[in-house]
J.: 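There's a structure below that I have some questions on.
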Amino acid sequence: MESATMERAERVIAHTYKRIPLVLTRGSGATLWDEAGRRYTDFVAGIAVCNLGHAHPRLARALAEQAEVLWHVSNLYYTRPQIELAAWLVEHSFADRVFFCNSGAEANEAAIKLARKHFKETGQPGRYRIVSMELSFHGRTMATLSATGQEKVRHGYDPLLEGFDFVPFNDAEALRRAIGPETAAVMLEPVQGEGGVRQPDPGYLARVRGLCNETGTLLIFDEIQTGMGRTGTLFAYEQFGVEPDIMTLAKALANGLPMGAMLAREQVAAAFGPGAHASTFGGTPIVSAAALEVCRILGEGEVLAHARAAAAHFRVRLEELKARHGVVEEVRGMGLLLGLKLAVDGEPFVHGCREAGFLINCVQGNVLRFVPPLIITPEEIDALVACLDRLLARAGKGAG
Ligand SMILES: *Cc1c(COP(=O)(O)O)cnc(C)c1O
């Protein structure tokens, strides 16, 4: 079913996305509407971006108020929303300083540059390599795709940036062997998102922190997908008793406006002096005002408490699906970053859910990923689970 809008898009937009044939026009909370007026419950949230849902009234108001005051002046000057936002992030995290940019990839670029610069400035210029994880996802710029442990992201772009090593996620012994005299940092997602919603084994992240401490290696957590309440706490690292030296944020930071951030401890952040790194749009007042309101809402606590309760409910319901259907191999994830690993291709389920009015997506071919707005209700979760139950029963029969 091709609408005129979609035909037009195919003529004028680069073919880098395999899109679902839906033209979305409006959203409210966890609900989206398409061109034809059909409604969908959103378990994608713009890929873990709209954590507070669509068209949140407080965010709309904060944005509208700032829109009438000041949009952009560049980082040649100080602006209040940026300062307030940085202060909030510092107060609520391990970090002492924040660098603002416009996307996840840019935040990770900043982290990679800072790790290298830190060792140049502290008299160990030979330490420049980064160890990251197989099946990781860190972005699409040349440095961040070089740090990404997935061939499909890297393919066709040689020569890649030099200095990246890969080890399997959850294999501390392999990491111990991979950290050498040239290693500057270990970089990983506390829960792998694009890699198939894979959570760390008990004790793994503490072991990673220990290995970094023993070798003087920096630890970078890419919390671009796991941050801002997605896993039930503001940042996922809080649940593991482990703090990184550098952390990157983006996706949900401004609930859909483009913003990335790289946070670091003082001893590390000190390597970035005037002129060392920059971004024209980074932390611009209009986007910072929206992000600051996101932070204030999350800081009030109700949304996080709701997300934890919704996640617990969702998990129980997904475990029931696993018990009832042989094609479900595993329930994965943390908080409202959840996955259902299937023994079969996941695409037909994405399609079936959409026809029934639910948006979900699929990663790594066979892992259904659920990243709804944190305000999702138990009723909305139950409705999706009932739909999945029907689709899984049909798939089970098909498999014989
Ligand atoms: C989405 C994502 C990125 C890249 O973010 P962009 O804003 O698309 O550049 C990096 N790391 C993780 C963990 C992500 O989920």
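Atoms within a ligand are numbered from 1 in the order they appear, just like the ligands themselves. Any value given below was found using the heavy atoms of this structure, including those in side chains, with hydrogens, waters and symmetry copies removed.
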J.: Output yes when the distance from some N or O of ligand 1 to some N or O of Asp222 is under 3.5 Å, and no in every other case.
T.: yes
J.: Where the side chain of Thr284 meets the backbone of Trp71, is there a donor-acceptor pair that is under 3.5 Å apart?
T.: yes
J.: Do side-chain atoms of Arg317 reach the backbone of Pro378 as a donor and acceptor pair under 3.5 angstrom?
T.: no
J.: What atoms of ligand 1 come closer than 4.0 angstrom to any heavy atom of Ala105?
T.: 4 (C), 5 (O), 6 (P), 9 (O)
J.: Quick one: does atom 11 (N) of ligand 1 have a protein heavy atom under 4.0 Å from it?
T.: yes
J.: Among protein heavy atoms, which sits nearest to atom 14 (C) of ligand 1, and what does the distance come to when rounded to 0.1 Å?
T.: Lys251 NZ, 2.9 Å
J.: In the protein, which heavy atom is nearest to atom 3 (C) of ligand 1, and how far is it?
T.: Phe137 CE2, 3.6 Å
J.: Looking at Leu292, Val287, Ile286, which hits side-chain contact (heavy atoms from CB on, under 4.5 Å) with Gln66?
T.: Ile286
J.: Are the side chain of His325 and the backbone N or O of Val327 linked by a donor-acceptor pair below 3.5 Å?
T.: no
J.: Treat each ILVMFWY residue as a node, draw an edge where side-chain heavy atoms are under 4.5 Å apart, and state whether Val350 and Val331 are in one component.
T.: yes
J.: Honestly curious: do Phe221 and Ile130 fall in one hydrophobic cluster under the side-chain, below-4.5 Å linking rule?
T.: no
J.: Asp96 and Leu263: side chain to side chain contact (heavy atoms under 4.5 Å, CB included), yes or no, with the steps?
T.: CA-CA 7 Å; Asp96 301 306; Leu263 292 77; over 6 Å; no
J.: Below a 4.0 angstrom heavy-atom separation, can you tell me which part of Asn108, side chain or backbone, both or neither, approaches ligand 1?
T.: side chain
J.: At less than 4.0 angstrom from any non-hydrogen atom of Gln225, what atoms of ligand 1 do you find?
T.: 15 (O)
J.: Would you please classify the geometry between the Phe370 ring and the Phe314 ring as parallel, tilted or perpendicular, with 30° and 60° separating the classes?
T.: tilted
J.: So is Gly139 polar-close to ligand 1, meaning N/O to N/O under 3.5 Å?
T.: no
J.: Counting only nitrogen or oxygen atoms and a 3.5 angstrom limit, does Ile224 reach ligand 1?
T.: no
J.: Distance-only, no hydrogens or angles: does the Asn102 side chain make a donor-acceptor pair with backbone N or O of Pro258 under 3.5 Å?
T.: no
J.: Looking only at protein heavy atoms, which one is nearest to atom 5 (O) of ligand 1, and how far off is it?
T.: Gly104 CA, 3.3 Å
J.: Taking N or O atoms only and a 3.5 Å limit, does Glu189 qualify as a polar contact for ligand 1?
T.: no
J.: Heavy-atom contacts with Ser103 under 4.0 Å: which atoms of ligand 1 show up? List them by number with element.
T.: 7 (O), 9 (O)
J.: Does any N or O atom in Glu194 lie less than 3.5 angstrom from one in ligand 1, N or O only?
T.: no
J.: For ligand 1, which atoms, with element, lie under 4.0 Å from some heavy atom of His138?
T.: 10 (C), 11 (N)
